[in-house]
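Note sheet for the following structure.
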Amino acid sequence: MTGSSSSPLIAALYGHLEATIHLVQVAVKLEWTIFSRLLSTLAIITFSYIFYILITLRHGRHPLMIWEKLGKPVVKIFRPWTFARLLNNSDPYASSIDMRVSTFSRGFCTAIMRDQHSTHDTQKGIHPTALATFAETTGGLALLSNLKKKDRAILVSIKMEYKKKARGLLTASSDYTLPSDLEEGGHDIKTEVVVKDRMLDTVAIGYLLWRVETKEA
């Protein structure tokens with residue numbers, strides 16, 4: 001009697017367990033469907049916005065404004081890559097090096113350059129001209145972030161001091177702020193760019209001379 005009476009109870013418990021498992025599976029599938037759709041929608045919106053930025057800002061003349069526009073949530077993750085694409089569009093020669101801007105604010109710019117075979121010299125180090133391009137681009141961004149919409153700047157000369165053979169990941173930084181009392185007209189502006197390696201040893205210093213034409217806003 002005891003065995004026969006317990007069989008329906010066991011069957012009921014087993015059925016309840018099966019129903020619970022099935023319910024959990026349905027809930028998980030439903031949540032995963034909602035999550036995957038939400039993720040897909042977010043990805044489409046993000047990449048559509050990046051594409052919109054690439055199209056609308058490809059002829060932009062103020063790099064800091066572009067950098068700040070790329071600082072919105074989610075899109076910020078792709079900011080270094082997107083900014084590099086826009087930079088290469090406005091300055092095609094900069095695409096000869098694998099450069100990414102990491103920090104950019106008014107008067108200050110830090111960028112990294114990856115070591116790649118196409119920039120090597122005969123000694124398997126990074127070629128001096130690649131270092132010069134890296135320094136000129138980083139210094140140019142730092143300077144241009146100071147300028148107003150109608151101001152213009154052109155590089156007049158560049159002098160490079162090579163302190164150490166450059167290999168591996170490099171970091172360049174430039175810090176310059178235009179004087180607040182700068183008058184309208186032409187000015188010769190000197191800026192400096194320091195290039196360091198992974199060990200924080202200085203591998204090169206770039207001294208840049210710019211001709212800056214300032215105009216009324």
Grab the two heavy atoms, one from [X] and one from [Y], that are nearest each other, plus how far apart they are.
| X | Y | value |
| --- | --- | --- |
| Gly185 | His187 | O-CD2, 3.2 Å |
| Ala204 | Leu131 | CB-CD1, 4.4 Å |
| Gly168 | Asp115 | N-OD2, 2.9 Å |
| Ala142 | Asn146 | O-ND2, 2.9 Å |
| Val193 | Gly139 | CG2-CA, 3.6 Å |
| Val101 | Cys109 | CG1-SG, 4.2 Å |

* Could you tell me which residues satisfy salt bridge (charged side-chain N to carboxylate O under 4.0 Å, His left out) with Arg100, sequence neighbours excluded, listed by chain and number? => Asp98
* salt bridge (charged side-chain N to carboxylate O under 4.0 Å, His left out) against Lys163, all qualifying residues, sequence neighbours excluded ->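 Lys163 satisfies salt bridge (charged side-chain N to carboxylate O under 4.0 Å, His left out) with Glu161 once adjacent residues are dropped.
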Exam field: side chain [X] to backbone [Y], donor-acceptor pair closer than 3.5 Å:
| X | Y | result |
| --- | --- | --- |
| Thr171 | Arg198 | no |
| Ser174 | Glu192 | yes |
| Thr110 | Ser173 | no |

Same cluster (ILVMFWY, side-chain, under 4.5 Å), [X] and [Y]:
| X | Y | value |
| --- | --- | --- |
| Ile112 | Phe78 | no |
| Leu155 | Tyr207 | no |
| Tyr162 | Phe134 | yes |
| Met65 | Leu70 | yes |
| Ile66 | Phe108 | no |

Pairwise distance [atom1]([X]) to [atom2]([Y]) - rounded to 0.5 angstrom:
| X | Y | atom1 | atom2 | answer |
| --- | --- | --- | --- | --- |
| Asn88 | Ser95 | CG | OG | 5.0 Å |
| His117 | Thr119 | NE2 | OG1 | 9.5 Å |
| His127 | Ser118 | NE2 | OG | 12.0 Å |
| Tyr176 | Leu208 | OH | CG | 12.0 Å |
| Lys69 | Arg79 | NZ | CZ | 13.0 Å |
| Glu136 | Ile158 | CD | CD1 | 6.0 Å |

* Asked: Taking NZ, NE, NH1 and NH2 as the nitrogens, is one of them in Asp151 or Lys215 under 4.0 Å from a carboxylate oxygen of the other?
  -> no
Taking the side chain as every heavy atom from C-beta outward, state whether [X] and [Y] have any pair of such atoms under 4.5 Å apart.
| X | Y | result |
| --- | --- | --- |
| Ser105 | Trp67 | no |
| Ile126 | Val203 | no |
| Arg114 | Leu169 | yes |

* Asked: Can you check side-chain contact (heavy atoms from CB on, under 4.5 Å) on Leu170 and Lys196, steps first, answer last?
  -> CA-CA 6 Å; Leu170 302 179; Lys196 296 177 180 263; over 6 Å; no
* Give the intermediate values and the outcome of side-chain contact (heavy atoms from CB on, under 4.5 Å) for residues Thr133 and Met99. => CA-CA 10 Å; Thr133 301; Met99 170 183 167; over 6 Å; no
* Asked: Around Lys190, counting heavy atoms of other residues, nucleotides and ligands shown, do more than 12 lie under 6.0 Å from its NZ?
  -> no
* For Trp210, enumerate each residue passing the side chain to side chain donor-acceptor pair (under 3.5 Å) test, keeping only those at least two apart in sequence or located in another chain. => Thr191
* Arg106 and Thr177: side-chain contact (heavy atoms from CB on, under 4.5 Å), yes or no, with the steps? -> CA-CA 8 Å; Arg106 187 170 300 280; Thr177 302; over 6 Å; no
* Take Leu147 and Leu144, measure what side-chain contact (heavy atoms from CB on, under 4.5 Å) needs, and give me the verdict at the end. => CA-CA 5 Å; Leu147 304 184; Leu144 290 173; 3.7 Å; yes
